[in-house]
Amino acid sequence: MKIAIGNDHSAVELREVISAHLKERGYEVEEVGTFSTQSSNYPEWGEKVARKVVAGEADLGIAICGTGVGISIACNKVRGIRAVVCSEPYSAKLSRQHNNANVLCFGARVVGTELAKMIVDEWLDAEFQGGRHQMRIDMIAKIEQDG
Ligand code: RB5
């Protein structure tokens, strides 16, 4: 499974830790930037991650900014993306099981490295449960289609 990962300047170090963790777990990782700690704009990096996922060039995405908020909003503007901001593992797990989230976001200024790894692991290890949850996701897709 391939994971696209992107971040703004606030999350360069955390992205390095998470990328290494993913590789250790056997995932293929594509880093889309930024690789610089110079101030940059989170929408650019969120969009890159999101477009990789909708194009099928990555199975899932991870996007990190200072809070996870701005980059998740940017990701969610790409049709077909269900990005979530999670600061703890429970929501991360449920966001896969119930919401079939395809991009995970968190904040480098919010979570520490060990908690971030735990959030990522719970998210990746969980499986979408389908059933009534699929119907609700279809409702979300309808909202997206209606514009
Ligand atoms: C950058 O200072 C900060 O605004 C950004 O990383 C993020 O937290 C936005 O939501």
Side-chain angles (χ1 to χ4, degrees), residues 1-25 27-128 133 136-147:
M1 182 183 285
K2 185 169 171 182
I3 299 177
I5 184 165
N7 55 278
D8 76 359
H9 56 282
S10 68
V12 172
E13 247 180 68
L14 183 55
R15 187 255 309 141
E16 284 168 0
V17 169
I18 297 300
S19 287
H21 180 67
L22 291 169
K23 286 174 193 164
E24 256 172 47
R25 287 202 48 186
Y27 291 98
E28 192 184 341
V29 177
E30 182 173 353
E31 295 173 319
V32 302
T34 182
F35 302 97
S36 166
T37 53
Q38 292 246 325
S39 184
S40 64
N41 304 313
Y42 59 80
E44 180 180 351
W45 312 112
E47 183 182 6
K48 281 186 195 289
V49 170
R51 295 224 182 270
K52 289 274 171 199
V53 174
V54 293
E57 291 166 18
D59 299 291
L60 293 170
I62 295 180
I64 320 169
C65 66
T67 58
V69 173
I71 207 159
S72 68
I73 293 171
C75 288
N76 275 319
K77 294 298 175 191
V78 176
R79 196 176 282 259
I81 289 297
R82 291 174 302 279
V84 289
V85 193
C86 296
S87 302
E88 36 72 33
Y90 179 77
S91 302
K93 180 177 178 171
L94 270 287
S95 79
R96 289 281 288 148
Q97 290 183 335
H98 289 191
N99 315 112
N100 203 12
N102 50 13
V103 177
L104 171 68
C105 306
F106 45 85
R109 295 173 179 156
V110 179
V111 298
T113 54
E114 294 311 307
L115 181 55
K117 283 192 233 172
M118 207 179 276
I119 290 167
V120 166
D121 288 346
E122 285 291 328
W123 191 66
L124 290 172
D125 292 345
E127 273 180 36
F128 179 52
H133 303 298
R136 291 164 185 164
I137 286 167
D138 293 343
M139 289 174 72
I140 294 171
K142 170 100 176 35
I143 296 170
E144 195 172 57
Q145 271 165 23
D146 292 348

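Start at 1 and go down the list; that is how both ligands and their atoms are numbered.
In this structure, Asn100 contributes its side chain and His133 its backbone to no donor-acceptor pair below 3.5 Å.
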Begin with the C-alpha distance, continue with both residues' side-chain angles, and end with the deciding distance and a verdict on side-chain contact (heavy atoms from CB on, under 4.5 Å) for Gln97 and Leu94.
CA-CA 5 Å; Gln97 290 183 335; Leu94 270 287; 3.9 Å; yes
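At a threshold of 4.0 Å, the pair Asp138-Lys142 does not count as salt-bridged, since none of the basic side-chain nitrogens sits closer than that to a carboxylate oxygen.
Within a 6.0 Å sphere centred on CD of Glu57, heavy atoms belonging to other residues, nucleotides or ligands number more than 12.
The 4.0 Å heavy-atom shell around ligand 1 contains residues Asp8, His9, Ser10, Tyr42, Cys65, Gly66, Thr67, Gly70, Arg109, ordered by chain and number.
Rounded to the nearest 0.5 angstrom, Arg15 CZ and Thr34 OG1 are separated by 8.0 Å. We find the CZ-CG distance between Phe128 and Asn99 to be 8.5 Å, quoted to the nearest 0.5 Å.
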